[in-house]
Amino acid sequence: MPPLFQLDNYDACLVRNGTFCLGTFHLSAPDDNQLYRLLQWVSSNARHRFNHTQLHRGLCLSTSCINVSNVAISPKQQFQQCVNNITRSQYGLEASMLRLDYCKDAQTPASVPLDVADDIFLALCIALLAANILGTLYDIFRHKTNKGNQLLLSWSLISNYRNFTRIYPNEDTIVSRVNSIHALSYNNKFGAKIKDIRFIGRGEKKPNSPSKVITPDDVYSRILPLYMFMVSFMATWSRFIADGTMWIPIMEKEAQVCRMKWWSHALFINNIYRPDDRCLVQTWFIAVDMQLYALSIVLAISLTRWTKVVIKIIPLLFLVSVLCNFVAAYSFNFKAVLYLSNPEYLKKLHYGMPSFKLMYAAPWTSIPATLLGVATAYLYYEMRNNKIDLHEYKIGHWLVIVLMTYLTSILLHLLIEMPVQKFLRAALGI
């Protein structure tokens with residue numbers, strides 16, 4: 001079989017003033033071609049294998065395509081003819097170009113040259129570095145007996161490291177028991193809500209006073225500066241830090257997307273606005289977490305004002321959200337993340353995959369976990385106020401609930417992944 005990927009030496013090609021082209025080609029042949037039928041059969045198992053009817057080639061035209069006609073043609077046409085000649089002579093297959101990523105030589109200018117946005121980000125980095133240096137020097141040479149200038153100390157690397165590594169004592173033993181969940185909170189929506197399990201009681205000044213239940217501005221101000229710094233870096237200087245065969249189709253393309261979608265990241269809606277155009281693909285979680293945090297705020301405030309009503313509505317919302325997610329997954333054949341990890345979609349970072357953008361990276365999928373987290377936080381709040389000790393209750397009841405939830409999730413997964421008829425036959429042994 002023809003190899004899926006073939007790349008010439010990119011740096012050596014440009015040093016010799018050659019032209020390097022990168023693109024994707026589709027193979028075709030008559031129906032009686034045995035090799036092509038084999039490629040189609042291998043590619044039909046998309047769950048575990050790449051599409052072998054598509055070839056990815058990066059060739060130096062001056063070395064790999066010297067046998068192409070000397071007639072004056074464009075690099076694109078020369079690249080197309082070269083790959084087609086190779087596949088035809090070696091495998092008896094025709095290759096037609098599906099996508100040309102680029103053709104470039106040593107003199108080809110950058111697709112996105114330096115501009116004002118790059119200069120602004122560079123100036124920002126210099127200003128931040130200067131502030132760190134000034135604050136650190138001030139921290140070193142100041143009199144330790146004085147409190148010092150807090151504005152300058154806030155930029156000190158020494159002070160910030162000291163604050164970062166400080167251990168804060170926690171007298172609340174019940175909350176201390178869930179400290180281990182902190183490490184999981186970045187991968188689990190339920191853990192993210194449990195992590196702030198104290199948010200209802202911690203901010204209240206007096207009963208029935210919702211004025212300081214939680215402070216979303218604190219969360220926003222902590223996350224946004226560093227978050228936007230990384231988005232700005234991806235939109236500006238990231239495309240200049242290296243070069244290579246795949247740099248243009250991956251990094252330069254992502255830089256252009258970041259320039260287009262930066263404002264959606266600032267509003268934490270990048271997973272909803274043009275979800276297929278991805279700037280820092282992993283930041284979908286930050287957007288989802290902030291969206292669900294906003295929902296948690298509404299529920300928390302509602303719990304302090306209309307406790308009896310909201311405490312009945314939350315279980316109903318939980319069941320409705322689970323049911324809606326189930327119906328959507330079954331109706332549109334959405335796949336779980338395990339089934340999204342097939343070779344072709346991993347190669348394209350799930351571009352154009354409905355299961356990723358409409359299920360996996362969508363906020364509504366995690367609403368049940370958010371509701372469960374808010375309910376657990378409120379349960380803890382009531383238990384603390386009523387001085388209920390968990391040691392007085394058997395843990396077996398909790399284990400049964402967890403086990404039943406797990407078994408229910410497996411059942412729903414089986415119903416989604418196989419037709420109902422096959423599931424019933426397998427269950428009944430027919």
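Reckoned from all heavy atoms, side chains included, excluding hydrogens, waters and symmetry mates. Count residues from 1 along the sequence.
Side-chain contact, Asp139 with Thr136: no donor N or O sits under 3.5 Å from an acceptor N or O. At a cut-off of 3.5 Å, with distance as the only test, no side-chain donor of Lys76 or Tyr102 sits close to an acceptor on the other residue. Asn270 and Ser264 are not linked by any side-chain donor-acceptor pair at a separation below 3.5 angstrom, with hydrogens and angles left out of the test. In the model, Asp243 has a side-chain atom that pairs as donor or acceptor with a side-chain atom of Tyr10 under 3.5 Å.
Geometrically, Arg49 engages Trp41 in a cation-pi contact, judged by NZ or CZ lying under 6.0 Å from the ring centre and within 45° of the ring axis.
The shortest non-hydrogen separation linking Leu358 to Trp364 is O-NE1, 2.9 Å. The two residues Asn33 and Gly92 have their closest heavy-atom pair at ND2-O, 3.4 Å.
Rounding to the nearest 0.5 angstrom, the gap separating the CD1 atom in Ile313 from the CG atom in Leu371 is 11.5 Å. In this structure, the separation between CZ on Phe285 and OG on Ser366 is 8.0 Å, given to the nearest 0.5 Å. In this structure, CD1 on Ile248 lies 10.0 Å from CZ on Phe20, to the nearest 0.5 angstrom.
Counting heavy-atom neighbours within 6.0 Å of Phe240 CZ, excluding the residue itself, gives a total above 12. A 6.0 Å sphere centred on CH2 of Trp237 holds more than 12 heavy atoms belonging to other residues, nucleotides or ligands. Shown here is Tyr161, whose OH atom has no more than 12 heavy atoms of other residues, nucleotides or ligands within 6.0 Å.
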Pair Cys258, Glu254 - check side chain to side chain contact (heavy atoms under 4.5 Å, CB included), show working. CA-CA 6 Å; Cys258 289; Glu254 187 168 10; 4.2 Å; yes
How far apart are the C-alpha atoms of Tyr36 and Tyr91, what are their side-chain angles, what is the distance that settles it, and do they pass the ring-ring contact (aromatic ring centres under 6.0 Å, His included) test? CA-CA 9 Å; Tyr36 186 68; Tyr91 306 102; over 10 Å; no
For Met97 and Val83, what are the C-alpha separation, side-chain angles and deciding distance, and is it a side chain to side chain contact (heavy atoms under 4.5 Å, CB included)? CA-CA 9 Å; Met97 184 178 292; Val83 175; over 6 Å; no
Show your working on side chain to side chain contact (heavy atoms under 4.5 Å, CB included) between Ile286 and Ile223 and close with a plain yes or no. CA-CA 9 Å; Ile286 299 178; Ile223 295 176; 4.2 Å; yes
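Contact check on Asp118 versus Arg239 returns a salt bridge, with a Lys/Arg side-chain nitrogen under 4.0 Å from an Asp/Glu carboxylate oxygen. Using a cut-off of 4.0 Å between Lys/Arg side-chain N and Asp/Glu carboxylate O, Asp276 and Lys357 are scored as salt-bridged. Salt bridge Asp101/Arg99: present, at least one basic N to carboxylate O contact under 4.0 Å.
The aromatic ring centres of Tyr138 and Trp155 sit 6.0 Å or more apart. The aromatic ring centroids of Phe334 and Phe356 lie 6.0 Å or more from each other.
For His56, the side chain to side chain donor-acceptor pair (under 3.5 Å) partners two or more places apart in sequence, or in a different chain, are Thr24, Lys347. For the side chain to side chain donor-acceptor pair (under 3.5 Å) test, residues two or more places apart in sequence or in another chain that qualify with Arg88 are Glu94.
Here the side chains of Cys13 and Thr63 are not in contact, with every heavy-atom distance at 4.5 Å or above. Counting only heavy atoms from C-beta outward, the side chains of Val374 and Tyr378 never approach each other to under 4.5 Å. Residues Cys21 and Leu59 form no side-chain contact, since every pair of their non-hydrogen atoms from C-beta on lies 4.5 Å or further apart. Looking at heavy atoms from C-beta onward, Phe25 lies out of side-chain contact with Gln54 at the 4.5 angstrom threshold.
Between Tyr227 and His265, the ring planes lie perpendicular to each other; the angle is over 60°, past the 30° to 60° tilted range. Ring geometry, Phe121 versus Phe233: the interplanar angle falls from 30° to 60°, so the pair is classed tilted.
Not less than 2.5 angstrom separates the SG atom of Cys60 from that of Cys65.
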